[in-house]
2 protein chains.
Amino acid sequence: MSSPSSAEGSTSTATGTATSTARGRPARLEPSRTVETALRLLDESGLDALTMRRLADAEGVRAGALYRHFATKQELLTAMAERMLAGVAAEAAASGAAGDWGERLAALARSMRTALLARRDGARVYAGTHSTGPNTLGFSEAVTGVLREAGFGDEDAARALMAVGAFTLGHTLEEQAALQPECADGETPADPERLRHAVASGPYPHLATGLPALAGGDFTAHFEFGLRLLVEGLRSLEGNRGR
Amino acid sequence: MSSPSSAEGSTSTATGTATSTARGRPARLEPSRTVETALRLLDESGLDALTMRRLADAEGVRAGALYRHFATKQELLTAMAERMLAGVAAEAAASGAAGDWGERLAALARSMRTALLARRDGARVYAGTHSTGPNTLGFSEAVTGVLREAGFGDEDAARALMAVGAFTLGHTLEEQAALQPECADGETPADPERLRHAVASGPYPHLATGLPALAGGDFTAHFEFGLRLLVEGLRSLEGNRGR
DNA sequence: ACCTGAACACCGTTCAAGT
DNA sequence: ACCTGAACACCGTTCAAGT
């Protein structure tokens, strides 16, 4: 409310190489800072509102300048996905260090879910990209490592990685879709209400009894349930192999 | 190559209520036919090229006319997702009828995967929507029904539905992303090659040994592996409950 | 009731020209 | 080397006006 013209480039407080929004002419672009700004805009306005033009504005630059550092918007999104996974493998290693392979695997899946949930539309951003950066590969390496050190074969370890990854991504995708703000002013009836009505009015007896548990429950418990199924499934495989 | 002007509205051959692209003036829009046309365009050009304007062209109408039948593009996509799941529950009931609950659950997951894979970008379309139509709800009802009839409690049945759904969606998402055409003329190095290079040149010993199994193997086997983990996990739950 | 014409407020991306 | 200015070829969506 105080000075409307000074509220723009106030993000880079500590860095000396700030954007210098006004007066100072060039306003250099630095890739890593650009990715961080993009993630901030994502949190503020969501994926649909994340625009090359808006990102350029936030960096005090014209849209075309971004293409000197990111060949395409897809490349920018990939860099954002990679950045979101920073520290995931390390955090999981710390929290799962005391447990057996099942607990260490679960810790990895949990920290990936936490990382995706930490940013608005995080799962959607991640689902649309295929990073080959150190954070993404480090996570896969950690999962595969836990399984191979537990005695699983190469093929089983790779497939278990895919299963855990698919489940975790799919789960956080549904989770963030269910938690989305949707109607800002209470306009739209929202998803859960329409779902409840559709289930109640149609021939879905089994679904109707299960719906409160699904929609009402906390997603962390749901996630833990699915995670347990996967880990117990892997244990039964271990048993069949005779160890 | 023959007559360039007659290649447009040649899709509705049998229906008498065709679009009548030229001369016949109004060109009425019918919602169910519009959804089918949208799915055809999806298969032909992919999700990113599916545009309200292009869909309107294919129906011989101006873009604004679509909004008389679909309030938003999102609503159109939801209708497409719902349509993609037509017959999924019925097909699964037929193919899994002979088996126990585990086999019937697996049959449901398989037919959902098949339905999503049947259309280009099917998983992406489905992931971005939340249909409350009969095909979508019928699938959830079938899954919950199989589990409750097998003796699982309401909460476990609901959570197992979510786990199987998240895994199936996440898996087909990765599957279609890996199989995407990407570079039409062999321009881009493609994802798998860049991934292989990144894994080989970095500190990822476990991933490196598991990568051929992951990238080279067929996705159906990967899917079956994850599906088995979930079903075996549910069996172990059943055992702990003492039945 | 349903579609056309035309606009509004944007997009991602490219590229000559400046510095 | 890196950014600006300005354009190109589009978007989703709205709405008066026609029929």
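If you're wondering where the values come from, they're calculated on a predicted model, not measured in any experiment. Below, read A as the first sequence line, B as the second, and so on, with proteins coming before strands; counting in each chain starts at 1.
What separates CD of Glu30(B) from C1' of dC2(C) is a distance of 14 Å, to the nearest Å. The distance between atom OH of Tyr67(A) and atom C1' of dC11(C), rounded to the nearest whole Å, is 9 Å. When the C1' atom of dT14(D) is taken as reference, atom CZ of Arg53(B) falls 12 Å away, rounded to whole Å. Summarising the geometry, the separation between CG on Leu55(B) and P on dT13(D) is reported as 12 Å, rounded to the nearest angstrom. For the pair Asp48(A) CG and dA9(C) C1', the computed distance is 16 Å after rounding to whole Å. Between His69(B) atom NE2 and dT14(D) atom P the separation is 15 Å, expressed in whole Å. Look at CD on Gln74(B): it is 9 Å from P on dT13(D), rounded to the nearest Å. Straight-line distance from the CZ atom of Arg28(A) to the C1' atom of dT4(D): 14 Å, rounded to whole Å.
Nucleotide dT4(D) is matched to dA16(C) when pairs are restricted to Watson-Crick or G-U wobble geometry with both distances under 3.5 angstrom. The nucleotide dA9(D) finds no pairing partner, because no Watson-Crick or G-U wobble arrangement with both distances shorter than 3.5 Å includes it.
Side-chain N/O atoms of Thr72(B) include one lying less than 4.0 angstrom from OP1 or OP2 on dT13(D). Applying the 4.0 Å criterion to OP1 and OP2 of dG5(C), one finds that Arg62(B) has a side-chain N or O inside that range.
Residues Thr34(B) and Phe70(B) have side chains in contact (heavy-atom distance under 4.5 Å, counting atoms from C-beta outward).
The side chain of Arg54(A) sits closest to dC11(C) out of dC11(C), dC2(D), dT4(D). Taking the side chain of Lys73(A) as heavy atoms from C-beta on, and the options dG12(D), dC2(C), dG12(C), the nearest nucleotide is dG12(C). Set against dT14(D), dC3(D), dC2(C), the side chain of Arg68(A) has dC3(D) as its closest nucleotide. For Thr51(A), the listed nucleotide lying nearest its side chain is dG12(C); candidates were dC3(D), dC3(C), dG12(C). When each of dT4(D), dG12(D), dG12(C) is scored by its nearest atom to the side-chain atoms of Val61(A), the top-ranked nucleotide is dT4(D).
For the pair Ala65(A) and Ala49(A), both in contact range of DNA chain C, the more 5′-proximal nearest nucleotide belongs to Ala49(A). Comparing Ala63(B) and Ala71(A) along DNA chain C, the residue whose closest nucleotide (by nearest heavy atom) sits nearer the 5' end is Ala63(B).
Straight-line distance between the C1' atoms of dC2(C) and dA17(D): roughly 13 Å, to the nearest whole Å.
Checking side-chain atoms of Thr136(A) against main-chain N and O of Glu82(A) turns up no donor-acceptor pair under 3.5 Å.
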For Phe219(B) and Glu174(B): C-alpha separation, side-chain torsions, deciding distance, then whether side-chain contact (heavy atoms from CB on, under 4.5 Å) applies.
CA-CA 10 Å; Phe219(B) 281 104; Glu174(B) 292 188 17; 5.7 Å; no
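No option in Arg124(B), Arg120(B), Arg54(B) other than Arg124(B) meets the salt bridge (Lys or Arg N to Asp or Glu O under 4.0 Å) test with Asp48(B).
Using cut-offs of 30° and 60° for the angle between ring planes, the His222(B) and His171(B) rings count as perpendicular.
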